[in-house]
Amino acid sequence: MPWGFENDRSIYIQLVEQIQNRIATGDYPPGSRLPSVRDLAQEAAVNPNTMQRALAELERMDLVHSQRTSGRFVTEDEGRIQSMKRETARQAVRSFLGQMEDLGFERDEIAALIREEQGKNVIADLNRSEQKENVIADRSRDGRENIAVANRSRDEQEGNEYEQ
């Protein structure tokens, strides 16, 4: 995952957030050794002192700990990681709600939009699932991959005529 920075916020805070995200997503799994300060700084194209400051903040947050000559490690405390993920999600939701309210939406309108989008995603997921089932069924029939069955299913769902 590439490092990216916004000009209007402190780099070290953005480093903390990005490393938190990498821990939350499993890029840095619980108990894993982090790259050295120098390597992380080089990868992120920042001063090593800035990266050191970010890692010190992560230590203060109990997400990372140092072992004297072995380096820094991600906490093995899954509860702590889950707590951090939930707080990050809460911040994202608060930011989203604020942006939507700035656009003039009321909370009930926002909730309706979310339900509408969820419905679209559920339908799309069901369509993808049906297509996969058709391909699997076709493979089991003759032992080779034949996408035509899936294409026919997709065409029928989209209201297109299927020609054989």
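Worth saying up front: this structure is predicted, and the values here are computed from it rather than measured. Numbering starts at 1 and runs along the sequence shown.
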#### Entry: Heavy-atom side-chain proximity of Val16 to Gln20 below 4.5 angstrom
yes

### Query
If you measure from the Lys or Arg side-chain nitrogens to the Asp or Glu carboxylate oxygens, is any gap between Arg38 and Glu43 under 4.0 Å?
no

### Message
Run the salt bridge (Lys or Arg N to Asp or Glu O under 4.0 Å) test against Glu78 and tell me which residues pass, sequence neighbours left out.
### Response
none

### Message
Using every non-hydrogen atom in the two residues, find where Gln14 and Phe5 come nearest and quote the distance to one decimal.
### Response
OE1-CA, 3.2 Å

Show which side-chain atoms of residues 92-100 pair as donor or acceptor with protein atoms under 3.5 Å away, not counting sequence neighbours.
unit_1 : atom_1 : unit_2 : atom_2 : d
Arg94  : NH2    : Glu87  : OE2    : 3.1

### Task
Please round to the nearest 0.5 Å and tell me the distance separating atom CG of Asp77 and atom CD of Gln82.
10.0 Å

### Query
To the nearest 0.5 Å, what is the distance between CG (Leu40) and CZ (Arg22)?
8.0 Å

### Distance, nearest 0.5 Å, that separates CE of Met61 from CD1 of Ile23
8.5 Å

### Task
Assess whether side chain to side chain donor-acceptor pair (under 3.5 Å) is satisfied between Thr50 and Asn47, documenting all intermediate values.
CA-CA 5 Å; Thr50 305; Asn47 186 301; 4.7 Å; no

### Query
Of the non-hydrogen atoms in Pro30 and Ile81, which two are nearest, and what is the gap between them?
CG-CD1, 3.7 Å

#### Entry: Minimum-distance pair of heavy atoms, taken over all atoms of Pro48 and Ala41
CA-CB, 3.7 Å

Residues 104-116 side chain polar contacts: donor-acceptor under 3.5 Å, at least two apart:
unit_1 : atom_1 : unit_2 : atom_2 : d
Arg107 : NE     : Glu101 : OE2    : 2.5
Arg107 : NH2    : Glu101 : OE2    : 3.1
Glu109 : OE1    : Glu106 : N      : 2.7

### Query
If you round to the nearest 0.5 Å, how far is CD of Glu57 from CD1 of Ile13?
8.0 Å

### Query
Around Asn7, counting heavy atoms of other residues, nucleotides and ligands shown, do more than 12 lie under 6.0 Å from its CG?
no

### Message
Using every non-hydrogen atom in the two residues, find where Met84 and Leu63 come nearest and quote the distance to one decimal.
### Response
CG-CD1, 3.8 Å

#### Entry: Full working for side chain to side chain contact (heavy atoms under 4.5 Å, CB included) between Val74 and Leu58
CA-CA 9 Å; Val74 175; Leu58 289 163; over 6 Å; no

#### Entry: With sequence neighbours excluded, residues passing side chain to side chain contact (heavy atoms under 4.5 Å, CB included) with Ser66
Glu59, Arg72

### Query
What residues join Phe73 in its hydrophobic cluster, counting side-chain heavy atom gaps under 4.5 Å, either direct or through other members?
none

### Task
Please round to the nearest 0.5 Å and tell me the distance separating atom CG of Leu34 and atom CG of Leu55.
6.5 Å

### Task
Tell me, with the steps shown, if Asn21 and Thr88 meet side chain to side chain contact (heavy atoms under 4.5 Å, CB included).
CA-CA 9 Å; Asn21 187 36; Thr88 301; over 6 Å; no

### Test side chain to side chain contact (heavy atoms under 4.5 Å, CB included) applied to Asp62 - qualifying residues, sequence neighbours left out
Arg80

### Modelled atom types, side-chain donor and acceptor of Trp3 and Gln18, under 3.5 Å
no

